[in-house]
Amino acid sequence: MRLQRWGRVATAVSVLAGLVAVGGPAYAQSTAASPAAVPGTWTVTEIEDNPPGLWGVTEYDYIEPTSSGDVLMASEDSPYQPDYRQPIRCWNGSTWTFIPEPGPGFPAASGHRQYGALGGASCSDFWVFGAASAPKRWHWDGSFWQSAAMSTTDPVWSVKAFAANDIWAFTLNGQGLHFDGSTWRQVSMPPIDVKNVVGRSGTDFWAMGTTPVDAHPYGNAAYRWNGTTWTKGSVPSTYKGYYIYGSLGPNNDVYEFGFSLADGYLRWDGTSWHHEKAGSLTSGIGGVAYAAGALWAASGSGFARLYNGAWSMVAAPPVDDPYGMAIYGLAADPRSQSVFGGGVVGYAESTTQRKIVIQNIGQTG
């Protein structure tokens with residue numbers, strides 16, 4: 001994300017119907033545009049708001065849920081061609097709002113991305129964390145940005161908000177931070193570099209990731225927070241994938257995925273972890289999200305869906321570009337049981353690339 005008071009950018013474009021869920025990235029073959037969608041189906045909206053002269057970065061790289069159900073989408077500027085005019089989009093439950101990004105003064109990590117992570121309570125109350133070696137954090141209050149130096153030497157890479165006064169953030173090298181509504185404080189952490197957080201509440205969640213890079217042996221790590229202490233999880237040794245994407249799912253169970261369905265996935269039923277297979281599906285995946293009884297994951301040229309206890313593939317939505325579509329993340333709004341995703345249509349290093357927003361209103365499988 002970024003900040004400052006830049007004007008809004010035009011967003012008129014076509015809306016295509018199809019199906020979707022998503023990830024990091026998943027690619028879909030293009031087809032002819034379908035008729036306008038109706039509630040209960042997936043839609044793709046192309047967003048042409050790229051500033052003049054800025055190429056190869058017009059895509060939504062960050063798609064994050066908030067504790068209220070609002071959904072944040074941000075586009076990463078290129079460190080080789082920085083530009084501070086790409087607005088943040090936020091779904092407020094009924095429409096997409098535009099928020100100016102932090103702007104100049106938000107330093108980029110040399111040769112890398114500017115953002116480490118973003119997340120928070122709503123469209124008018126969220127945080128952006130910088131990825132530079134001297135990281136900063138910015139807070140949007142609905143009208144203005146305020147900045148502050150971080151109390152860590154490492155950038156934040158993962159954020160999970162359970163409420164406006166219960167937000168967790170984790171750095172690249174194992175530090176943990178908690179926001180109680182007024183102050184960010186460091187918290188004692190077990191030996192884990194957190195990749196994602198998934199759980200039912202701020203007093204019952206799993207931090208999933210890897211042991212620190214200098215640890216021996218190096219490998220996956222899972223710790224449960226109960227509001228007071230961390231407990232190391234006992235995860236089936238048969239699971240050989242990474243811990244990358246997490247989501248609540250059917251029966252309020254916790255689901256954890258790696259990069260590929262070939263490894264299967266992990267499911268926490270409230271008592272123990274289970275290693276399960278996605279039927280015969282073996283393709284790579286991107287982000288995951290759950291709504292209206294269906295757990296979705298971007299998967300190859302389509303989307304894997306868990307519904308009524310069975311996995312199946314769902315055709316990707318049609319787009320009108322020969323280079324197809326790439327999706328970089330998914331988030332759900334539980335208020336309307338809707339799923340949103342973001343990414344790009346077109347070739348990644350051309351001036352014809354367009355951001356896209358995908359959404360499914362009340363999809364029931």
Atom OH of Y242 with >12 non-hydrogen neighbours under 6.0 angstrom = no
Counting distance only, does the side-chain N/O of S147 pair as donor-acceptor with the main-chain N or O of W138 below 3.5 Å?
-> no
Are F129 and M189 connected, step by step, through hydrophobic side chains (Ile, Leu, Val, Met, Phe, Trp, Tyr) whose heavy atoms are closer than 4.5 Å?
-> no
For Y245 and F257, what are the C-alpha separation, side-chain angles and deciding distance, and is it a ring-ring contact (aromatic ring centres under 6.0 Å, His included)?
-> CA-CA 5 Å; Y245 308 108; F257 295 81; 8.0 Å; no
Across all chains, not counting sequence neighbours, the side-chain contact (heavy atoms from CB on, under 4.5 Å) partners of S201 are T203, D204
Ignoring hydrogens and geometry, is there a side-chain-to-backbone donor-acceptor pair from W268 to E256 under 3.5 Å?
-> no
Would you call V71 and R89 a side-chain contact if the rule is heavy atoms closer than 4.5 Å?
-> no
Check M73 against W96 and note the closest heavy-atom contact, atom names and distance.
-> CE-CH2, 3.7 Å
Point-to-point distance, once rounded to the nearest 0.5 Å, from CZ of R305 to CH2 of W311 = 10.5 Å
Does the side chain of V198 reach to within under 4.5 Å of the side chain of Y243, using non-hydrogen atoms?
-> no
Beyond-backbone contact of P236 with L266, side-chain heavy atoms, under 4.5 angstrom | yes
State, yes or no, whether a side-chain contact exists between D154 and Q175 at a heavy-atom distance under 4.5 Å.
-> yes
What's the spacing between L177 CG and S158 OG if we round to 0.5 Å?
-> 11.5 Å
Taking only residues two or more places apart in sequence or in another chain, which ones pass side-chain contact (heavy atoms from CB on, under 4.5 Å) with S247?
-> V288, Y290, L295
Residues that T183 engages under side-chain contact (heavy atoms from CB on, under 4.5 Å), provided they are two or more places apart = D180, R185
Taken to the nearest 0.5 Å, the spacing of H178 NE2 from F162 CZ works out to 9.0 Å
F126 and W140 aromatic ring geometry - parallel, tilted or perpendicular at 30°/60° bounds = tilted
Set of residues satisfying salt bridge (charged side-chain N to carboxylate O under 4.0 Å, His left out) with respect to R267, sequence neighbours excluded | D253, E276
Between atom NZ of K160 and atom CG of N196, what is the distance when rounded to the nearest 0.5 Å?
-> 9.5 Å
Hey, which of W273, Y223, W168 is the one that makes ring-ring contact (aromatic ring centres under 6.0 Å, His included) with W206?
-> W273
Shortest non-hydrogen pair, V194 vs A207, comes out as CG2-CB, 3.9 Å
Atom of G130, atom of P155 and distance for their closest heavy-atom approach = O-CB, 3.4 Å
Hydrophobic cluster identity match, Y265 and M208, side-chain contacts under 4.5 Å | no
Return yes when atom NZ of K232 has more than 12 non-hydrogen atoms of other residues, nucleotides or ligands closer than 6.0 Å, and no otherwise.
-> no
Aromatic plane relationship, F205 with W225 - under 30° parallel, 30 to 60° tilted, over 60° perpendicular | tilted
Roughly how far, to the nearest 0.5 Å, is the NZ atom of K240 from the CG atom of N220?
-> 10.0 Å
Find out if a path of hydrophobic residues (ILVMFWY) with successive side-chain heavy-atom gaps under 4.5 Å connects Y255 to L281.
-> yes
For P191 against A221, the heavy-atom pair lying closest together | O-CB, 4.4 Å
Look at the aromatic rings of H275 and Y239 and report parallel, tilted or perpendicular, splitting at 30° and 60°.
-> perpendicular
Determine, using the 4.5 Å side-chain heavy-atom cutoff (strictly less than), whether I285 and F259 are members of one ILVMFWY cluster.
-> yes
Can F170 and I192 be said to form a side-chain contact (heavy atoms from CB on, under 4.5 Å), step by step?
-> CA-CA 10 Å; F170 302 92; I192 181 175; over 6 Å; no
Beyond-backbone contact of H139 with D141, side-chain heavy atoms, under 4.5 angstrom = yes
Which atom of A74 lies closest to which atom of I88, heavy atoms considered = CB-CG1, 4.3 Å
Does one hydrophobic cluster hold both L248 and V197, with members joined at side-chain heavy-atom distances below 4.5 Å?
-> no
D333: salt bridge (charged side-chain N to carboxylate O under 4.0 Å, His left out) partners, not counting sequence neighbours | R335
Residues that T282 engages under side-chain contact (heavy atoms from CB on, under 4.5 Å), provided they are two or more places apart = A262
Would you call I167 and W184 a side-chain contact if the rule is heavy atoms closer than 4.5 Å?
-> yes
Looking at side-chain heavy atoms only, is the closest gap between F179 and V159 below 4.5 Å?
-> no
Would you indicate whether the side-chain heavy atoms of V319 and V44 approach each other to under 4.5 Å?
-> yes
Measure across P334 and G69 and return the closest heavy-atom pair with its distance rounded to 0.1 Å.
-> CD-CA, 4.0 Å
From L72 atom CG to C90 atom SG, the distance as rounded to the nearest 0.5 Å | 4.0 Å
